[in-house]
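Okay, structure first, notes after.
Below, chains carry the letters A, B, ... as their sequence lines are ordered, and counting in each starts from 1.
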Protein chains: 2
Amino acid sequence: MGATKTEHFTDKQNAIATLTKALGHPARVAIVEYLMKVDTCICGDIVNELPLAQPTVSQHLKELKNAGLIKGNIEGNAICYCIDEKTIEKLQNYFTNISTKLTNKKNDCC
Amino acid sequence: MGATKTEHFTDKQNAIATLTKALGHPARVAIVEYLMKVDTCICGDIVNELPLAQPTVSQHLKELKNAGLIKGNIEGNAICYCIDEKTIEKLQNYFTNISTKLTNKKNDCC
DNA sequence: AATCTTTATCGTAATATTGCAATCTGAAAA
DNA sequence: TTTTCAGATTGCAATATTACGATAAAGATT
C-alpha cells in the first residue's frame, strides 16, 4: 500500500486536502508569497528567488497550478504566473468557518 | 535527494507548510471535521468514523497532534481529542491576509 | 539560419508517506 | 490477578514526493 484512499472520503474533503497538500511544502509557500509580494504578475524570475534548481521550481509551479492555487499564461518568452484569488478565498472561508464554529461551541476542554 | 530543503526557507514559511501539509490528506481533514461536528470532545470513536484501520487512524492523529492542529488528553481508558483553536486561527489569518492583499492590488491579469 | 533565453519534461536516485497486520501498553472490569 | 478494551508502536510493503542533471521545446535576438 502507500496510496491515499481518496475514494473513501467526500469530494469536499478531498478538495480541501488537495489544496492544503499543494501548499504543504515551504518552496510552494514561498512561491505564493513571492507572487503576492511583486506588484506586477509578469514574473519571469521565480527561479532566481528560490534556493532550488530550475527543474525543481518548474515542478513546484506545476503542482500549484494543478491544484488551482496559481494561474499561468504564456507571455512571449516568459511565463506570467499569478495567484488564483478564488482558490485562496476557498481556503479562507474553510478556516473561518471552523474558527467561528469552534468559538461558538467553546468546547475547549483539552 | 528527496528530502525537503527546509533550511533554505524562513521559519514562517516552514511553519505554514507544516500546518498545511498536516491537513493535506483527506483522512486528516475528515478527522478535523469530525472533531468539529461532535459536541463533546471526549471522542473515543474516531476509528469507527473513518474507513481506515486503527493503526492508520492512530498515525494520522499523531501527525495532526505533532503539527499542533489537535490537542489530546488521556481520559482514563480513552483519549480526548479536540481541535486547537489557536492553530486554526493562524491558518485563517494567513489566508485572510493573502486574500485582502490580493483584493487591494487587483493584479488579476492571468 | 544560428544562437540565446526561458520554461518544461524525462529519467533517476534519495527520501517520505500511506496503510495495515502483529504486537505492545496501560487502565478498567471481572 | 486475569481478562478486556482502547489506543500506541513496530515492522514492512507499496506508492508518492522531492530534487536535479540532461535534454527538449519554443519564442526572442542576432
Side-chain angles (χ1 to χ4, degrees), chain A residues 1-9 13-14 17-31 34-35 41-67 69-82 110, chain B residues 1-9 13-14 17-31 34-35 40-67 70-82 110:
Chain A
M1 288 101 213
T4 297
K5 290 188 159 184
T6 49
E7 68 275 14
H8 293 311
F9 301 98
Q13 285 166 345
N14 281 313
T18 300
L19 290 181
T20 48
K21 189 178 184 182
L23 260 188
H25 190 289
R28 294 194 289 266
V29 172
I31 289 173
Y34 178 67
L35 286 175
C41 76
I42 297 161
C43 345
D45 47 1
I46 299 181
V47 174
N48 306 323
E49 286 292 317
L50 293 175
L52 295 169
Q54 181 267 325
T56 310
V57 174
S58 188
Q59 201 175 306
H60 283 307
L61 285 166
K62 192 180 173 185
E63 275 175 70
L64 284 171
K65 202 175 171 186
N66 282 343
L69 278 161
I70 64 175
K71 293 180 283 184
N73 269 1
I74 295 168
E75 193 86 14
N77 195 346
I79 282 260
C80 160
Y81 277 119
C82 60
C110 296
Chain B
M1 287 107 206
T4 298
K5 291 187 159 183
T6 50
E7 69 275 15
H8 294 312
F9 301 98
Q13 284 165 346
N14 281 312
T18 300
L19 290 182
T20 48
K21 189 178 183 181
L23 259 189
H25 190 289
R28 295 195 287 269
V29 172
I31 289 172
Y34 178 68
L35 286 175
T40 169
C41 76
I42 298 162
C43 344
D45 47 1
I46 299 181
V47 174
N48 306 323
E49 286 292 317
L50 293 175
L52 294 168
Q54 181 267 324
T56 309
V57 174
S58 189
Q59 198 177 308
H60 282 308
L61 285 166
K62 192 180 175 186
E63 275 175 72
L64 285 171
K65 202 175 170 185
N66 281 344
I70 63 175
K71 294 180 285 186
N73 269 1
I74 294 168
E75 193 86 16
N77 196 344
I79 282 259
C80 160
Y81 277 118
C82 60
C110 296

Grab the CZ-P distance between R28(B) and dT17(C) for me, whole Å please. 9 Å
Out of curiosity, L52(B) CG to S58(B) OG, how far, rounded to the nearest 0.5 Å? 12.0 Å
Determine the contact category for K21(B): base if any of its heavy atoms lies under 4.0 Å from a base atom, sugar-phosphate if only primed atoms, P, OP1 or OP2 are that close, otherwise nothing. sugar-phosphate
Check each of D45(B), L50(B), V29(B) against Y34(B) using the side-chain contact (heavy atoms from CB on, under 4.5 Å) test, and report the only one that passes. D45(B)
Examine dT6(C): is either OP1 or OP2 under 4.0 Å from a nitrogen or oxygen in the side chain of Y81(A)? Give yes or no. no
For the pair made of CG in L23(B) and P in dT18(C), what is the distance, rounded to whole Å? 12 Å
Take the protein atom CG of N48(B) and the nucleotide atom C1' of dC5(D), then report the distance between them rounded to whole Å. 13 Å
Separation of Q13(B) CD from H8(B) NE2 (nearest 0.5 Å): 12.5 Å
Send over the distance from I70(A) CD1 to dT7(C) P, rounded to a whole Å. 12 Å
Please confirm whether the backbone N or O of A22(A) pairs with a side-chain atom of R28(A), one donor and one acceptor, at under 3.5 Å? yes
In terms of the angle between their ring planes, are H25(A) and H60(A) parallel, tilted or perpendicular, with boundaries placed at 30° and 60°? tilted
Between C1' on dT7(C) and CD on E63(A), what's the gap in Å once rounded to a whole number? 16 Å
Value in whole Å for how far the P atom of dG7(D) lies from NZ of K65(B): 13 Å
Rounded to whole Å, CG of N66(B) lies from P of dA16(C) at a distance of 15 Å
Please work out which residues in residues 51-61 of chain B have a non-hydrogen atom less than 4.0 Å from an atom of DNA chain D and list them by number. Q54(B), P55(B), S58(B)
Could you tell me how far apart E7(A) (CD) and dT15(D) (P) are, to the nearest whole angstrom? 13 Å
